[in-house]
Amino acid sequence: MGRRASLIAVTAALLLSGCHHDDPGKARASAAALVAQVPLASAGFPPGAATARTMLAGLKVERGKNWQTYERENFGKYWSDETDAVGGRNGCDTRDDVLRRDLSELREGDRNPCVVVSGVLHDPYTGKELPYTYRRASQIQSDHVVALGAAWRGGAYGWTAQRRLEYANDLDVLLAVDKQTNYDKGSRTADKWRPPRREYWCEYGRRYTGIKAKYRLSVTAPEKLALQELLASCPQ
């Protein structure tokens with residue numbers, strides 16, 4: 001059993017036994033320490049502007065393919081912790097990992113350190129301040145910066161099912177954002193959609209390009225031009 005597989009097994013055991021433990025606080029602290037061992041972002045991600053420009057120059061340029069065969073289920077029906085993607089195998093739901101990483105004023109569960117009880121999202125796409133409370137309707141969604149449909153057209157159609165599941169749950173690919181803005185974006189690529197908040201264009205371009213390079217996805221000619229424009233907005 002690998003280190004990360006061992007981690008999730010021990011974490012699950014601690015969380016399940018916490019309500020019967022002689023010292024619940026100590027059990028919770030131990031579980032939290034184990035969860036904290038799994039990073040919620042890759043080292044050096046998103047890449048800096050100069051690195052992103054170099055990455056972009058190396059991406060394959062071609063028309064999107066097999067768009068007519070895309071189905072959401074190709075990337076798995078549900079969130080999954082059973083991948084080796086960033087944040088995987090830490091015993092936490094992928095959405096909770098995104099919230100734990102992206103929300104401020106964070107309050108986590110007393111028994112389960114994976115659960116986000118409350119927090120505030122400063123939405124990168126719009127600048128809105130969005131409160132979050134567990135078990136209440138939320139205006140926050142987890143967005144795949146390079147949408148699943150766009151990834152499919154850029155080469156994911158040729159991946160294994162496990163590789164697509166990994167992509168769908170990779171925290172480097174995901175951002176907590178305003179729900180309506182996420183709906184508006186849909187599966188549009190960078191040449192057809194960019195964040196309403198111009199101040200985020202630089203980081204959006206860096207993240208988008210970093211994802212494309214990490215997964216060796218192709219870009220269309222208009223998409224590459226749009227990414228060049230986004231990266232041009234970065235401070236020199």
Side-chain angles (χ1 to χ4, degrees), residues 1-16 28-47 72 74-109 111-125 130 132 134 138 140-148 150-151 156 159-179 182 203-204 206-217:
M1 182 182 290
R3 186 188 70 81
R4 296 181 75 183
S6 299
L7 170 65
I8 186 173
V10 175
T11 301
L14 282 166
L15 295 178
L16 288 171
R28 196 268 180 197
S30 298
L34 287 171
V35 169
Q37 289 181 29
V38 177
L40 300 182
S42 294
F45 192 91
R72 171 62 179 86
N74 291 332
F75 290 82
K77 291 184 178 181
Y78 310 105
W79 294 121
S80 175
D81 191 46
E82 297 300 311
T83 78
D84 291 323
V86 177
R89 306 190 194 283
N90 67 348
C92 301
D93 180 89
T94 302
R95 174 174 163 78
D96 282 333
D97 279 336
V98 174
L99 292 173
R100 288 193 303 117
R101 184 196 63 191
D102 292 351
L103 267 57
S104 62
E105 302 176 38
L106 190 67
R107 182 185 164 208
E108 297 174 338
R111 290 185 181 277
N112 186 344
C114 294
V115 174
V116 175
V117 176
S118 64
V120 177
L121 174 68
H122 300 278
D123 176 40
Y125 288 171
L130 303 173
Y132 174 84
Y134 184 63
S138 172
I140 300 171
Q141 282 190 342
S142 298
D143 175 44
H144 294 91
V145 175
V146 177
L148 302 183
W159 295 349
T160 64
Q162 183 61 29
R163 180 66 165 168
R164 289 194 288 266
L165 187 67
E166 180 177 306
Y167 180 89
N169 291 274
D170 188 338
L171 299 187
D172 285 349
V173 178
L174 291 159
L175 274 181
V177 301
D178 173 58
K179 180 167 67 175
N182 191 32
E203 183 165 337
Y204 186 72
R206 288 162 48 213
R207 284 185 176 275
Y208 195 111
T209 302
I211 293 165
K212 286 275 184 169
K214 179 177 181 177
Y215 282 90
R216 299 182 181 180
L217 294 166

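Note: hydrogens, waters and symmetry copies are ignored here, and every other heavy atom, side chains too, is used.
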May I have the step-by-step check of salt bridge (charged side-chain N to carboxylate O under 4.0 Å, His left out) for Asp81 and Arg89, ending in yes or no? CA-CA 5 Å; Asp81 191 46; Arg89 306 190 194 283; over 6 Å; no
The test is side chain to side chain contact (heavy atoms under 4.5 Å, CB included); show your working for Val177 and Ile140 and say whether it passes. CA-CA 6 Å; Val177 301; Ile140 300 171; over 6 Å; no
Can you confirm whether Val145 sits close enough to Leu174 that some side-chain heavy atom of one is under 4.5 Å from a side-chain heavy atom of the other? no
Nearest non-hydrogen partners of Ala168 and His144, listed with the distance: O-NE2, 2.8 Å
Could you work out, with ring pair (Phe, Tyr, Trp, His ring centres under 6.0 Å) as the rule, every residue matching Tyr132, not counting sequence neighbours? none
With sequence neighbours excluded, residues passing salt bridge (Lys or Arg N to Asp or Glu O under 4.0 Å) with Asp102: none
Nearest 0.5 angstrom please: Leu121 CG to Ser138 OG, how far? 8.5 Å
Just checking, is any N or O donor in the side chain of Tyr125 or Asn182 under 3.5 Å from an acceptor N or O on the other one? no
With rounding to the nearest 0.5 angstrom, report the CD to CD distance, Glu82 to Gln162. 9.0 Å
I want to check something: taking the side chain as every heavy atom from C-beta on, are Val116 and Leu106 in contact at a cut-off of under 4.5 Å? yes
When you compare the side chain of Glu108 with that of Val117, does any pair of heavy atoms fall below 4.5 Å? no
Can you name the closest pair of heavy atoms from Asp96 and Cys114 and give their distance? CB-O, 3.3 Å
State, with a plain yes or no, whether a side-chain heavy atom of Tyr167 is found less than 4.5 Å away from one of Leu217. yes
Taking all atoms of both residues into account, what is the closest heavy-atom pair of Lys214 and Arg163, and its distance? O-NH2, 4.2 Å
Please test Asp172 against Arg207 for salt bridge (charged side-chain N to carboxylate O under 4.0 Å, His left out), starting from the C-alpha separation and ending with a verdict. CA-CA 8 Å; Asp172 285 349; Arg207 284 185 176 275; 5.9 Å; no
Spatial distance of atom CZ (Arg72) from atom NZ (Lys77) [nearest 0.5 Å]: 11.5 Å
Looking at side-chain heavy atoms only, is the closest gap between Ser142 and Trp79 below 4.5 Å? yes
Checking Asp97, Asp84, Thr94 against Asn169 for side chain to side chain contact (heavy atoms under 4.5 Å, CB included), the one that qualifies is Thr94
Is there a donor-acceptor pair closer than 3.5 Å between any side-chain N or O of Thr83 and the backbone N or O of Leu165? no
Can you confirm whether Val146 sits close enough to Tyr215 that some side-chain heavy atom of one is under 4.5 Å from a side-chain heavy atom of the other? no
Let me see the working for Cys92 and Arg100 under side chain to side chain contact (heavy atoms under 4.5 Å, CB included), right down to the final yes or no. CA-CA 10 Å; Cys92 301; Arg100 288 193 303 117; 3.9 Å; yes
How close do Asp178 and Asp123 get, counting heavy atoms only, and between which atoms? N-OD1, 3.1 Å
Side chain proximity check, His122 to Ser104, heavy atoms < 4.5 angstrom: yes
Taking the side chain as every heavy atom from C-beta outward, state whether Val86 and Phe45 have any atom pair closer than 4.5 Å. no
Do Leu103 and Val120 pass the side chain to side chain contact (heavy atoms under 4.5 Å, CB included) test, and can you show the C-alpha distance, the side-chain angles, and the key distance before you say yes or no? CA-CA 5 Å; Leu103 267 57; Val120 177; 5.9 Å; no
CG on Asp170 to OG on Ser42, rounded to 0.5 Å: 6.0 Å
With rounding to the nearest 0.5 Å, note down the distance linking CZ in Arg164 to CH2 in Trp159. 8.5 Å
Shortest non-hydrogen separation from Val115 to Tyr134 and the atoms involved: CG1-CE1, 3.9 Å
Taking atom CZ of Arg107 as the centre, does the number of heavy atoms from other residues, nucleotides or ligands within less than 6.0 Å exceed 12? no
What's the shortest heavy-atom distance between Gly87 and Val38, and which atoms? CA-CG1, 3.8 Å
